[in-house]
Amino acid sequence: MSISIQRPKGTQDVTPAEVYKWHTVEQIVKNCAERFGFKEIRIPTFEDTGLFVRSVGDTTDVVQKEMYTVSATGDSTFTLRPEGTAGTIRAAIENGLLNEGFPQKLYYVLSCFRHEKPQAGRLREFHQFGCEMIGAEGPAADADLIALAKSVIDMTGLKNIELNINSIGCPKCRAEYHKALKSYFNQYKDKLCSTCQERLEKNPMRLLDCKSEEDKAIAADAPVILDYLCDDCHAHFDGLQKNLKLMGIDYKVNPRIVRGLDYYTRTVFEFITTDIGAQGTICGGGRYDGLIECLGGKPAPALGFGMGLERLILTMQKQSCEFMEPKTCDIYIAAMGERAIRESIGIISRFRSEGYFVEYDLVGRGLKAQMKYADKIGAKYVMVLGDNELDSGSAKVKNMKTGEQTDISLGEKMLEDFADRYYETLMAEDEMFRNFVEAFGGEND
RNA sequence: GUGGGUAUAGCGUAGUUGGUUAACGCGUCAGUUUGUGGCACUGAAGACCGUGGGUUCGAAUCCCACUAUCCACCCCA
């Protein structure tokens, strides 16, 4: 079969067979964020192009070659958000959230768009859980934000996720560092790979992250940013590490963590896995103290992170983590014969108006096939309805797990009878369903 | 943007000295007598073998191009 229209490159369909995985991480993420006092914010899918140019940075790859920009009528152009921070900060400024007291803690789950060549863990439309904290300057805020990301990862059940942290300083100390880097690498200019020769001019910090073996060897002895931090930045980074230790969060200082978005200052961090191929950064973030002012807000320190939901799910699958199983129907009504089918409609309605999850035959299956179907969809109970039952005013309800059957009256007391027998069992399963996330978190500690 | 791999039913696969109705597993549907699922058995539906050219008496199988997809570089979540 050939379909003429297929999904755009780099996009994904999530079929019913897979959504429950999304429901799982969405619940976990929401749950964690709210336990840390973050409130959800929802922002537009597209923004004025200038917003991203100013915040993400006009020299970054993201802005230079990965944005989906459309020109609407007239002169303004809009861009599908390539990340969530810019829009969130814009919204915070625009809605006066910065005047409501600090810290302002916001989270979101949204899709982002980047025109890249797809590969494992990299899509053109991908989904991000993000948190932004505004107005907190001290390192305790950085540590708390990292703790939030860590608690999400723990709750998913993931293992072997490495936290890397670094400080890239403030604009002042970074300028010094850039000078030092340039003069260091200039000695080896001829030996560097071609892309690195370019990077030397544009963004020397990127050289530290080159994959080429020769460049790596050269970079090994390059000056380290941490030696160039000003006193304030140094103290901040120290403070962060102390807090992480107090929280019992393992980390590794990695001077090569650089981040590709211009707005970062001081703290940057990544949670990395090696389980899903080359794109192993599950979560990345850091501090961006200058961004708010840059976007026209009253100057305020801020920090945040983005977590890639696809990558999270990929890693969870790789590690065989558990997902919240989808809920299945409470009772399947199997009717046979014209009269019973007609009468069953009313019975089904009564169950449904009580809040039960009910299914019944809509495609004309025989009784046996209905039983089979009920089993397939995981129905917990099946009620068989035929002429005999209608005449006698009571029907058998079968427990599909144990196979045992009991009589339930079809009269006024039907719902009462059913509830007497099964309500507690059903509620117990329902409760398990609702508390899944918490239960999960508990197991991991 | 650069490189490499792959392209056969809904899904996963088999199918090389090119040769009649393209095979298997899962799934779907229907049956295995009388009103009850999971197992087993039987049967059915479902593939223009990615697209377009070429070689040949004959191509899923060989050649070319294109497209899609995957992986990697780059970059990032």
Side-chain angles (χ1 to χ4, degrees), chain A residues 1-12 15 17 56 59-66 81-85 109-130 149 193-196 198-199 203 206 209-212 257-261 264 268 270-273 276-285 304-315 332 334-337 340 363-389 395-405:
Chain A
M1 184 184 64
S2 69
I3 328 174
S4 53
I5 299 178
Q6 53 188 185
R7 63 173 184 267
K9 188 196 283 280
T11 62
Q12 262 183 348
T15 60
V56 175
T59 63
T60 59
D61 276 14
V62 170
V63 166
Q64 282 191 340
K65 43 191 193 191
E66 294 171 5
R81 58 182 174 226
E83 50 94 59
T85 300
V109 175
L110 43 68
S111 52
C112 299
F113 308 85
R114 292 184 198 171
H115 188 96
E116 297 187 274
K117 200 150 173 186
Q119 77 186 66
R122 195 174 71 187
L123 294 162
R124 289 185 172 179
E125 180 183 17
F126 62 98
H127 296 77
Q128 229 179 40
F129 159 60
C193 69
S194 56
T195 46
C196 276
E198 279 177 43
R199 290 199 269 222
N203 192 350
R206 288 244 145 262
D209 207 17
C210 187
K211 303 285 194 299
S212 131
I257 295 286
V258 165
R259 317 258 72 228
L261 311 183
Y264 287 111
V268 291
E270 291 185 2
F271 283 89
I272 301 168
T273 174
I276 53 171
Q279 309 300 321
T281 303
I282 285 179
C283 172
F305 67 76
M307 191 178 286
L309 263 28
E310 283 83 359
R311 289 183 187 176
L312 197 65
I313 291 172
L314 272 179
T315 317
Y332 182 94
M336 40 185 304
V363 295
R365 277 187 246 254
L367 178 63
K368 197 159 188 165
Q370 288 191 59
M371 292 301 294
K372 226 174 201 173
Y373 179 74
D375 180 59
K376 195 188 80 180
I377 63 175
K380 296 175 195 106
Y381 298 96
V382 171
M383 174 185 273
V384 176
L385 277 183
D387 288 349
N388 296 346
E389 285 74 16
K396 287 227 174 0
V397 168
K398 182 169 188 171
N399 179 325
M400 293 299 274
K401 209 180 247 170
T402 64
E404 73 188 299
Q405 304 194 49

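Proteins come first, then strands; the chains are lettered A, B, ... in the order of their sequence lines, and each starts at number 1.
A:Ala374 comes within contact range of no nucleotide atom at all, as no heavy-atom separation falls under 4.0 Å. Residue A:Gly403 is classed as a base contact, given a heavy-atom separation below 4.0 Å to a base. Note on A:Gln128: only backbone sugar-phosphate atoms sit closer than 4.0 angstrom, heavy atoms only; bases stay farther off. Residue contacts shown for A:Gly277 are limited to sugar-phosphate atoms, with no base heavy atom under 4.0 Å away. Among the heavy atoms of the strands, none lies under 4.0 Å from A:Leu309. A:Cys283 comes within 4.0 angstrom of sugar-phosphate atoms only, judged by non-hydrogen atoms across all strands, and of no base. At a threshold of 4.0 angstrom between heavy atoms, the contacts of A:Glu389 include nucleobase atoms, whether or not backbone atoms are also involved.
Between A:Lys398 and A:Glu404, none of the side-chain N atoms (NZ, or NE/NH1/NH2) sits under 4.0 Å from a carboxylate O, so this pair counts as no salt bridge.
Atom NZ of A:Lys401 is separated from atom C1' of B:rG38 by 14 Å (rounded to the nearest Å). Per the geometry, CG belonging to A:Leu385 stands 15 Å off P belonging to B:rU36, to the nearest Å. We find that CD of A:Glu66 is positioned 10 Å from P of B:rA77, with the value rounded to whole Å. Per the geometry, NZ belonging to A:Lys9 stands 9 Å off P belonging to B:rG1, to the nearest Å. If you measure from atom NE2 of A:His127 to atom P of B:rA77, you get 16 Å, rounded to the nearest angstrom. Taking atom CZ on A:Arg124 and atom P on B:rG1, their separation rounds to 9 Å, with Å as the unit. In this structure, the CG atom of A:Leu110 is 11 Å from the C1' atom of B:rA77, given to the nearest Å.
If you check B:rA40 for Watson-Crick or wobble pairing at under 3.5 angstrom, you find it paired to B:rU32.
In this structure, the side chain of A:Arg122 engages the main chain of A:Lys117 through a donor-acceptor pair within 3.5 Å. At distances below 3.5 Å, at least one donor-acceptor pair connects side-chain atoms of A:Arg124 with backbone N or O atoms of A:Glu116. Between the side chain of A:Arg311 and the backbone N or O of A:Gly121, at least one donor-acceptor pair lies under 3.5 Å.
Applying the 4.0 Å criterion to OP1 and OP2 of B:rU36, one finds that A:Gln405 has every side-chain N and O outside that range. Side-chain N/O atoms of A:Lys368 include one lying less than 4.0 angstrom from OP1 or OP2 on B:rG37. Taking only side-chain nitrogens and oxygens, A:Gln279 never comes nearer than 4.0 Å to OP1 or OP2 of B:rC76.
Between the side chain of A:Lys117 and the base of B:rU2, at least one donor-acceptor pair of N or O atoms lies under 3.5 Å. Contact of A:Arg122 with B:rC74 (side chain to base): a donor-acceptor pair of N or O atoms is detected under 3.5 Å.
For A:Lys398, counting side-chain heavy atoms from C-beta on, the closest listed nucleotide (B:rG35, B:rA72, B:rG37) is B:rG37. For A:Ala369, the listed nucleotide lying nearest its side chain is B:rA30; candidates were B:rC74, B:rA30, B:rC76. Comparing B:rC73, B:rA77, B:rU36 by their closest approach to the side chain of A:Leu367 singles out B:rU36. Considering only the side chain of A:Arg365, B:rC29 comes nearest among B:rC29, B:rC76, B:rU28. Among the nucleotides B:rG37, B:rA68, B:rA72, the one closest to the side chain of A:Gln6 is B:rA68.
For the pair A:Pro118 and A:Lys9, the minimum side-chain heavy-atom distance is below 4.5 Å.
Annotation: side-chain hydrogen bond (donor to acceptor under 3.5 Å, both in side chains) contacts involving residues 364-379 of chain A, sequence neighbours excluded, comprise A:Tyr332-A:Gln370.
Here A:Phe126 counts as stacked on B:rA77: its ring centre is under 5.5 angstrom from the base ring centre and the planes meet at under 30°.
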